[in-house]
Visitor: 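Right, I'll just put the structure down here and ask away after.
Position 1 is the first residue of the sequence; numbering continues from there. Read the numbers this way: they start at 1 and go in the same order the structure lists the ligands and their atoms.
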Amino acid sequence: MKIILGPASTQLGQKIAEMLKAEAVNVAFKTFPDGENYVRLEGRVQDEEVAIVQTTSPPQDTRLVQLALMADAAKRNGAGKVAAVVPYLAYARQDTMFLHGEAISAQAVARMLSAAGVERLLTVNVHQEKVLAHFPFPAKSVSAVPLLAEYFIKRGLKKAFALSPDKGAIYIAEEAQKVLGGECGYLEKNRDRHTGQVTIRRKTFDIRGHPVIIFDDIISSGGTIVSAANILKELKPQRICVACVHPLLIGEAEQNILNAGVDEIIGTDSVPSSVSKVSLAPILSRALAS
Ligand code: R5P
């Protein structure tokens, strides 16, 4: 297998190639003056199985188009099976028609990638795993939550309370709890479908003097974590840490979270950022090899 280093995930792609002892294929890319994208594979892929590593965090539309162009280039240049390794899968949150007249963007994006040449997809903590069942190719999501929890074990936070800011994501806190060995719980979150405004209902946990780690799949605007931290602070934990798989951290999100009393934020290199302290390379290379 050869690993194609997508422009959005060059470092992660390199690490995966090293772990698999696979050849890495560089990609030349540029943007034309009118905003259109160009890519060119700089190595040969004839008769090779390839995995294109390309996250689709913002600017997601550009990165999706680059991914589609790389898949097309791989197929056109004689590659065998083309896998897309997309740690952060853009548009995956709209997996249902919530309001009349909406699109199901997750499916639309998958069909676009399939048409371009993608034949298999590997992602990480996709927002709703059930969305993958409707993709036109085999798709799998692996979890980075144990890696995030292990980071805190190394930092001496064994038995920290694992909290999910949302009942629907309690499985994330439960997964972390298995590694941390403490307790877990969730808050009740509600998001207005029209305004996007998040409200989190107060709950009581026995965390006075204990470290708490809030686990979430995505931090985007940071609104969810800020609301959760504001509630937790009143319960007087020893410290509040935050772990997410996909640190999109739009605008002032990181600073707003720290201002809300959070001591440390960590994320993975799904989205390269100032908090990306955990690499996905081990779990992605393992999944690709299996
Ligand atoms: C939503 O259900 C996700 O799990 C995250 O909680 C959400 O995407 C975070 O968004 P934000 O940081 O904008 O509140």
Visitor: Answer whether the closest heavy-atom distance between the side chains of Ile219 and Thr224 falls below 4.5 Å.
Guide: no
Visitor: Is there a heavy atom in Ala169 that sits closer than 4.0 Å to ligand 1?
Guide: no
Visitor: Considering the heavy atoms of Gly223, write down every atom of ligand 1 situated less than 4.0 Å from one of them.
Guide: 12 (O), 14 (O)
Visitor: Tell me the nearest of Ser221, Ser164, Gly251 to atom 11 (P) of ligand 1, using heavy-atom distances.
Guide: Ser221
Visitor: Would you say the side chain of His210 lies within less than 4.5 Å of the side chain of Pro237, judging by non-hydrogen atoms?
Guide: no
Visitor: Is there a continuous path of hydrophobic side-chain contacts, each under 4.5 Å between heavy atoms, that joins Ile266 to Ile283?
Guide: yes
Visitor: Which of the numbered atoms in ligand 1 are below 4.0 angstrom from a heavy atom of Thr224?
Guide: 6 (O), 9 (C), 10 (O), 11 (P), 14 (O)
Visitor: Tell me whether Glu150 is salt-bridged to Arg155, with the criterion being a basic N under 4.0 Å from an acidic carboxylate O.
Guide: no
Visitor: Which of the atoms of ligand 1 are close to Gly222, meaning less than 4.0 Å from one of its heavy atoms?
Guide: 11 (P), 12 (O), 13 (O)
Visitor: Under the criterion side-chain hydrogen bond (donor to acceptor under 3.5 Å, both in side chains), which of Ser9, Ser276, Ser279 is the partner of Asp269?
Guide: Ser279
Visitor: Using side-chain hydrogen bond (donor to acceptor under 3.5 Å, both in side chains) as the criterion, list what pairs up with Asn26, not counting sequence neighbours.
Guide: none
Visitor: For atom 1 (C) of ligand 1, which of His246, His127, Arg93, Gln128 has the closest heavy atom?
Guide: His127
Visitor: List every atom of ligand 1 that sits less than 4.0 Å from any heavy atom of Ile219, numbering the atoms from 1 in the order shown and giving each element.
Guide: 12 (O)
Visitor: Does Glu23 come within less than 4.0 Å of Lys2, counting only side-chain N to carboxylate O?
Guide: yes
Visitor: From atom 9 (C) of ligand 1, work out which of Val245, Ile250, Ile218 has a heavy atom at the shortest distance.
Guide: Ile218
Visitor: Short list, please: which atoms of ligand 1 are under 4.0 Å from a heavy atom of Asp217?
Guide: 3 (C), 4 (O), 5 (C)
